[in-house]
Each structure stands twice: as C-alpha cells, then as structure tokens.
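Here's the structure, in structure tokens; my notes come after.
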Amino acid sequence: MKATAKAHANIAFIKYWGKKDRVLRLPLNSTISMNLSEAYTITTVEFSEILKEDDISLSGAQFFAEEKNRISKHLDLIRGRVGKKIFAKVATQNSFPKGAGIASSASGFAALTLAACAALDLSFSEKKLSILARLGSGSASRSIPDGFVEWIAGESSETSYAYSLQPADYWNICDIICMVDTRMKKISTTSGMDLVQTSPFFQARLTAVETNLEKLKKALNEKDFKAFGEITEQDAIQMHAVAMTQNPPVFYWNAVTMSIIHAVQLWRNEGLGVYFTIDAGPNVHLICEGKDEQIIIEKLREVSGVKQLLKNKPAEGAKMIKEHLF
Ligand code: PMV
C-alpha cells in the first residue's frame, strides 16, 4: 500500500542539549515545543517485493549517503515489526531548506514514521508513533502530537515520548523564523551534543531547565506571554552557553544572529512583546503574539543580512494526507 504523511517541524521553547542514551535518543531533560505551520515535510512510502534496495529521494535537493542510511535504518525498525525485509520507495518534500537549523529531521522522521507505518498497515497509538519517531531523530517525537507539546525525557524507550499539552488553536502566538544562512549546518546536533559534559556549565543548565520547564508550563496554562517569552529566551541562551563552552566549543550563531538579538532587545525596551530563541543553527526564531506579527516583520526590514522570513502559527501534529508524491 502507498501512504503519504505530512508532519510539521517544531520549535522548542525548552530545549535539550545532551542525551542519556545516544542509541535510544533519550534526552537529558524533558522539553516543550510548538509545531510550525509553514515548516513541514510531506513523505510518501510504498513497500514493494520487487525492490532490491530502498529507493529514497528528496525533491529539490539531495540526500547524502549517510542520510539515506539513516532513513533505511529507520525503515528497518518499522519493517522489523512485520517480520520481513521488504524494501521501500520513499519520496520526500520539504517546505523549507534542509539542515539550516529548522529541524528538518524532526518533520522528516515524523512524516517518515507515520507514512511507513501506514504503508505496512501498522496501526499504532500516538504515543507509540512518537517513540518510533524519536528513534529516528529525538525532536521528531515532538512533531507527532498536536500544537503545543511536551516530550517527557523518560528513563527507557517506552517512557520517552511526546504528548500534546494544548491544541494548535489554543493560543495565537507566532514564530517568525529569520533565515540568515540556508546552507547545511557544519556541526550536526548529534555530534554537537556528544561533548556536552565537557562544559563547566553542564550541570547548572540541567538544574535550571527543570525549574524553567515548570515555569513555562504555567505561563502556557495562563497564557502569560511575557513570562513565556522570558523563559523561552533564557533557556535558549543557557543551551547555547553550554554548547559554546564545550571542548571543543560549538558556535551556531553568526554576525547576523547577533544583530537580530540586539534588535530584539532594543524593540523590547521600546515596549514591543518579542523574544528570540535559536536552535542548532544561525537562524533566529522571533516569538510574538499574533497582534504584533506585522509590526515585527516591518521592523525586521531595518536589520541587514536577513535573507528570508518564514511566518508560523502553531500547527497540528503529523497527519495522513491523500495526495501522494508519486
Ligand atoms: O533531536 P535533534 O537532533 O533534532 O536536536 C534538537 C536540538 C535542538 O534543536 C538544539 C534542541 C531541541 O530541543 O529542539
């Protein structure tokens, strides 16, 4: 059977940086995120007895050999459930550039998981799908449920999964992604995280993240945007402070990233409710309420070096769709 799924990327307000189990992709801390309406992946999967190997393609760009291997390994996990090695044709399409700090692996592995399970007629719960997606890429676990999501770190594969805290239409907040460099990032999250324990701030951040997670949940429940933005920004800075103080250090920011950070601080001093967060790349995510989105977009024209903007609302979780890619 041919099956197609659509999954959105997500932005973490409380992030993880470091795993307690590298193979199972168990994060050191629980995280909270929101699915992004305009950053998504569509993937079609069809298993066939005729194929001698997986046939994997990405429209408009190319997969490297190691990426194809990672996708095949993930398919192995899923086809293992039906007990036979049957290869698949996989076609994938992203609405945004791959590897530029907008978690393409999150939407990619969430869409792949859902489509591959459906193509094999495996009907799994949302929790099970989140666990499976996590085994492909940690953050992919968060792209399975709807809207605002918590990924519980857990202590084992079965206890590390994401669930929806609130649906997508719960709160009209926006994530304006300022793309400053759309090339592939040089240091993958997987290898970047490996040396997290070499930072002298490693333990301090883990302690801070626990309190911040609870505070962010409260701010979400109360729709307290100021508190929500402040915690989001602090967590991002703390995560990057750890990465920058690892040995060897990992710097994801560039000069334009810094210009946007300074602009945000200035705009906030002028009374605008805007906060930033940054993943493993130089692009900056500006978090604001729907009412301020247009003003911020106008203001961003003053910042040179921003190549493109991607305006996102909260989005639903991974879903099956009817239009196939082949
Ligand atoms: O799970 P990965 O490999 O996509 O890594 C995600 C890393 C960060 O984006 C920096 C943090 C996070 O929680 O999303």
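Along the sequence shown, the residues carry numbers beginning at 1. Numbering of ligands and ligand atoms starts at 1, following listing order.
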Item to complete: Tell me, please: is Ala106 in heavy-atom contact with ligand 1, that is, under 4.0 Å?
Response: no

Worksheet item: Can you check whether Ile187's main-chain N or O pairs, donor with acceptor, with Ser191's side chain at less than 3.5 Å?
Response: no

Discussion item. Go through it in stages, so that I can follow the logic: the residues are Trp151 and Tyr16, the test is ring pair (Phe, Tyr, Trp, His ring centres under 6.0 Å), and I'd like the CA-CA distance, side-chain angles, deciding distance and then a yes or no.
Written reply: CA-CA 10 Å; Trp151 170 17; Tyr16 82 107; 5.1 Å; yes

Discussion item. Does anything in residues 290-301 form a side-chain hydrogen bond (donor to acceptor under 3.5 Å, both in side chains)? List the pairs, not counting sequence neighbours.
Written reply: Glu270-Lys299, Glu298-Arg301

Response to the item:
Taking only non-hydrogen atoms of Asp279 and a 4.0 Å limit, the atoms of ligand 1 in range are 9 (O)

Worksheet entry | Nearest option to atom 4 (O) of ligand 1, as decided by whichever heavy atom of Gly108, Ser139, Pro27 sits closest | Ser139

Discussion item. Does the structure place the NZ or CZ of Lys68 under 6.0 Å from the centre of the six-membered ring of Phe63, at an angle of no more than 45° from the ring's axis?
Written reply: no

Fill in: Sole candidate of Val264, Ile176, Thr277 that passes side chain to side chain contact (heavy atoms under 4.5 Å, CB included) when paired with Ile287
Thr277

Response to the item:
Counting from 1 in the order shown, the ligand 1 atoms closer than 4.0 Å to a non-hydrogen atom of Gly138 are 1 (O)

Worksheet item: Heavy-atom contacts under 4.0 Å between Arg134 and ligand 1: side chain, backbone, both, or neither?
Response: neither

Distance-only check: which donor-acceptor pairs under 3.5 Å involve side-chain atoms of residues 209-217, not counting sequence neighbours?
residue	atom	partner	partner atom	Å
Lys217	NZ	Glu150	OE1	2.8

Response to the item:
atom 3 (O) of ligand 1: of Thr189, Asn10, Thr277, Ile278, the nearest heavy atom sits on Thr189

Item to complete: Check each heavy atom of Arg25 against ligand 1 and say whether those closer than 4.0 Å belong to the side chain, the backbone, both or neither.
Response: neither

